[in-house]
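Scroll down for the structure; my scribbles are underneath it.
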Protein chains: 2
Amino acid sequence: MTDKQAHVTHQADVTTNESGELMLENQVCFSLYSAANAIIRAYRPLLEAIDLTYPQYLAMLVLWANNGINVKDMGAKLHLDSGTLTPLLKRLETKGLLDRKRGLTDERVREIWLTEAGKTLKTQAKSIPYTMFCKSELPVEELAALKATCDKLLSNIN
Amino acid sequence: MTDKQAHVTHQADVTTNESGELMLENQVCFSLYSAANAIIRAYRPLLEAIDLTYPQYLAMLVLWANNGINVKDMGAKLHLDSGTLTPLLKRLETKGLLDRKRGLTDERVREIWLTEAGKTLKTQAKSIPYTMFCKSELPVEELAALKATCDKLLSNIN
DNA sequence: ATAAATTGAATTGTGCGCAACTTAATTGCT
DNA sequence: AGCAATTAAGTTGCGCACAATTCAATTTAT
């Protein structure tokens, strides 16, 4: 969306906004999109050291806190569906970090259990958040505000 | 990175931070990543009406303001490389929205020129930013702050 | 009890992002 | 002029995201 559109909210015909509403430079969404890409790019060298991609790292974060979680619940936490998670989890299984077991009471669900290697990896991942914090070169307060706005945006949009 | 890490900056061993530094819920980057995905998801129904994806829409925004731009300069504006842009621009060419012409003075460069259909599409795209602004349900000031922080983050990280 | 509806996961297909590499054109150097 | 270095774009390959669909297991309604 375009920045500083308050005056637009008072007119029916948005397209008459002459002050460059279709200019890339004014679009909040583009900034968000580019920043998210840049963040993932910045994570890459850190995650290569433990042979994970950023989405794989997120899945491991969920597992480190919720070992044995199923695909649906992990998807709810990560805002991702089985179309993304199933192949991702298969790759992590191939790496030997987890096992994908069928639920005992319900054959449909897949429970994801960390292997010892998967549990051990947590130690090596501990330094990553602080390294990223340093790379950002932003004050904690601004990062907190950024997170709060992103969380609001996410819940408003869904 | 993890939220509220100020106290961590004063200690050498980051891994001793016991207060959940590896918890998904505290990670600014995850919020940013999820919000960016959600934004693109929210654009989709609007862009389907004009048969564009979000990255294709961004390329069209660049062209509407800079007709005849080359791939390298477009990449600089969008923070994307030729590996992403070449196939994307080929798809837009297939749709009949642009022509990819060789530079006259330098045979290496590709100049991207809008067709009449490509120029015409701008009219239909004009209402999109305001629709997205409404979907966000956030005050203009907060969106402006979000954009400012994202822009800073992007330039600090690169 | 059984047919219908729902649910959890997997599959298929498309389009990014990006690293790594290739190709061809241009520029710089001597 | 001639050759090395650089540059712009394209290609290849991998891993997401996600819509759409499929399939099997479970739940529900009758």
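Naming: A, B, ... by sequence-line order, numbering from 1 per chain.
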By nearest nucleotide on DNA chain C, pick out whichever of B:Arg108 and A:Val71 is the more 5' one.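 Closer to the 5' end of DNA chain C: A:Val71.
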For A:Arg102 and B:His79, find the nucleotide of DNA chain C closest to each by heavy atoms; which residue's nucleotide sits nearer the 5' end?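 Checking each residue's closest nucleotide, the 5'-ward one belongs to A:Arg102.
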Using OP1 and OP2 only, check whether a side-chain N or O of [X] sits under 4.0 Å from [N].
X: A:Lys90; N: C:dA9; value: no
X: B:Thr53; N: C:dC16; value: yes
X: B:Arg91; N: C:dC16; value: yes
X: A:Tyr33; N: C:dG17; value: yes
X: B:Gln56; N: C:dC16; value: yes
X: B:Arg41; N: D:dC18; value: yes
X: A:Thr86; N: C:dA10; value: yes

Return the nearest nucleotide to the side chain of B:Asn70; candidates are D:dC16, D:dA9, C:dG17.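 So the side chain of B:Asn70 is nearest to D:dA9.
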Nearest to the side chain of B:Arg44, heavy atoms from C-beta on, is which of D:dA9, C:dA25, D:dC18?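 Of all the options, the side chain of B:Arg44 is nearest to D:dC18.
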Charged N to carboxylate O below 4.0 Å: is that the case for B:Lys152 and A:Glu142?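 A:Glu142 and B:Lys152: salt-bridged.
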Strictly below 4.0 Å, N to O, side chains only: are A:Lys147 and A:Asp151 in salt-bridge contact?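 A salt bridge links A:Lys147 with A:Asp151.
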Most 5' of B:Ile40 and B:Asp106 on DNA chain D, judged by nearest nucleotide: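 So the residue in question is B:Asp106.
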Would you mind telling me which residue lines up with the more 5' stretch of DNA chain D, A:Thr105 or A:Tyr54, judged by nearest nucleotide?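 That would be A:Tyr54.
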Whether over 12 other heavy atoms sit under 6.0 Å from B:Lys135 NZ: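 Enclosed.
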Give a yes or no on whether a donor-acceptor pair under 3.5 Å exists between the nucleobase atoms of C:dA10, that is its base, and the side chain of A:Ser82.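 Yes, the side chain and the base share a sub-3.5 Å donor-acceptor pair.
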